[in-house]
Amino acid sequence: MSSASRRLVDDLSGAIPFVMALAGWALLSNYGNVPEYMLPPLGQMWMRFREALVDGSLLRHVSGSLYRLAISFVIGNAIAIPLGIAIAMNRNVSDLLRPVLTFFQSIAGIAWVPLAVIWFGIGMGSVIFVITNTIFFGAIYSTVIGVQMIPKTLHRAVLCHGAKGMQVFTELILPGALVQIILGLRTSMAYGWRALVAGEMIAGSSGLGYMTIEAVQWYQTDTVIMGMILIGLLWLMLDRLLFAPLERHTVARWGLLQR
Amino acid sequence: MSADAAAVAIKVRRPWFGERLLSGRVLKGALGLLLVLVAWQVSVPLVGLPEYFYPSALAVWRAFLELIRKGILPVYVADSLGRYVTGVGLGTLIGVSLGLLISLSRTTARVLAPLVNFLYAIVEVAWIPLFVIWWGYGLKVILVALIYVVMFPILYNTLVGIRTVPQVYINALRSLGGSRLQVIREVLVPAALPNIITGFRVGAGFAFRGLIFSEMIAAKTGLGYLIFEGTAHHQTARTIVGMICMGVLWLLIDNVYLKPFERATVERWGTVVAAEERR
């Protein structure tokens, strides 16, 4: 077998468990005496999916969720990374603030949802606050750590070669901390994604999380499962198409990740 | 090494603990925390918002004392911790054994990897509504969600770890007369261990937030419930007590338990060379 066709077989073989799971689902829901509200038949799932697609509600929920995530991601990082670098450049300031940042990072995320509801009410504001909070503290913490992990020797070497002010920043601090910053981005996005779904469930008025928890009230299990599958697919796309390549082009290239 | 020799020759006096405490990071860090608390307390009369909206640090402290005096907080913390330990323990057990079992044959590992990836991507938060439909509100939802959230990072990382073991090692042991079982014990498990630990660390972190969230939705005790219920009754100070307890608890779990564990295993196996070099 040529290597190309072998790879094709490999790729296709990965589909087998999915097909088997679907077949098991179909059998169980049709002949297994399982009530419809616990496991809706596949046909019904498909109908629900088409219905939600046609009336535009699905698209609205998905784009709403992604929009909130994108806004929070940009705001959170745009503040956190410059601030983190500024904090880390001064030893005293960073020593002063590190425990505070550690602490806030450890409670960032879902735990802020109830407080956010008090401050911003149910809806967009609360959800954005919670995700921004998660991403901000994730990013600022890893930025500070990243700058502090740059070896003293390199610092001295750069100064010895006559680097001045801005040069120290562009030649040493930025590339040195970049790896840690990018790893932090990916991790904080993973927490941010959970916070998004959870936040929408408790404090949202639209979005994928809201759609699924709302469906629980009416025992619309088909909608719940549709939401779950979409949440999985969207995260895979985000992680594999956005963060994996980013990490490959930066972290792996700088050679600090040993796999 | 000459650096070692120099260090021995000079024999630097190690400052005693109190000295390090006063001059070092610990003190500055404590000062930082204190500053935040003071700023918080001072800002309350300045902004003049109602207490349920922006409770002061002192109000939170009083709520903390009250929750302790009434015996609520110790019970909640114990409940949360019990759920966490049970869920993470079971999830680790299932994840590791399933991961090794699947990896016994390269074919099953290859065939099942996409399914594992997909299920790993459906975050536990998204499963909770379905669990609630299946089992109603209660402990079962929380435990299954915790098992799920710990199991998949471990499973995923075990599969990756074993897949990346160079075939040469396996061939070498086989040609030296090693049995299949010996290959597993001597090559595959040690090679996958750093990945398993990484998966465990990731899962343990997600599980803690997952615990808080599932307690908000499906429990009547625990820190998540405290955080959620506090705002529902305009007892925002209680919510903040819950959040602070959660943070402290996580830092304790992370620093006392997880990090030393990781140091003892992963660093020994040499995967975190980078951190070592930069120290």
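Worth saying up front: this structure is predicted, and the values here are computed from it rather than measured. Quick note on labels: first sequence line is chain A, next is B, and so on, each numbered from 1. In what follows, every heavy atom counts, from backbone to side chain, and hydrogens, waters and symmetry copies are set aside.
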Walk me through whether B/Phe206 and A/Tyr191 qualify under ring-ring contact (aromatic ring centres under 6.0 Å, His included). CA-CA 8 Å; B/Phe206 286 142; A/Tyr191 281 111; 4.7 Å; yes
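- For a residue to count as touching a neighbouring chain, one of its non-hydrogen atoms must lie under 4.5 Å from one of that chain's; by this rule B/Leu35 touches chain A with the side chain only.
- Ring geometry for A/Phe120 versus A/Phe129: interplanar angle of 30 to 60°, hence tilted.
- Proximity to chain B (any heavy atom under 4.5 Å) is restricted, for A/Ile225, to the side chain, taken from C-beta onward.
- A salt bridge between B/Lys220 and B/Glu229 is absent, with no side-chain N of the basic residue lying under 4.0 Å from a carboxylate O of the acidic one.
- Looking at B/Asp254, neither its backbone nor its side chain comes within 4.5 Å of chain A, counting heavy atoms on both sides.
- A/Arg48 places none of its side-chain heavy atoms less than 4.5 Å from the side chain of A/Thr221.
- In this structure, the portion of B/Val149 lying under 4.5 Å from any heavy atom of chain A is its side chain and not its backbone.
- In this structure, the portion of B/Val36 lying under 4.5 Å from any heavy atom of chain A is its side chain and not its backbone.
- Under the 30°/60° scheme for interplanar angles, the aromatic rings of B/Tyr225 and B/Tyr76 are found to stand perpendicular.
- For a residue to count as touching a neighbouring chain, one of its non-hydrogen atoms must lie under 4.5 Å from one of that chain's; by this rule B/Val160 does not touch chain A.
- Interface summary for chain A: among B/Trp134, B/Phe53, B/Phe118, the most heavy-atom pairs under 4.5 angstrom belong to B/Phe53.
- If you measure heavy-atom distances from B/Trp250 to chain A, the contacts under 4.5 Å come from the side chain alone.
- Side chains of B/Ser43 and B/Tyr54: a donor on one and an acceptor on the other come within 3.5 Å.
- B/Ile217 touches chain A through its side chain: at least one heavy atom from C-beta onward sits under 4.5 Å away, while N, CA, C and O do not.
- Residues B/Tyr148 and B/Ile122 meet the side-chain proximity criterion, which asks for heavy atoms closer than 4.5 Å.
- Contacts between B/Phe208 and chain A at a heavy-atom distance below 4.5 Å are absent for every atom of the residue.
- In this structure, the portion of A/Trp193 lying under 4.5 Å from any heavy atom of chain B is its side chain and not its backbone.
- With 3.5 Å as the limit, one finds no donor-acceptor pair spanning the side chains of A/Thr143 and A/Gln180.
- Heavy atoms of A/Arg98 lying under 4.5 Å from chain B belong exclusively to its side chain.
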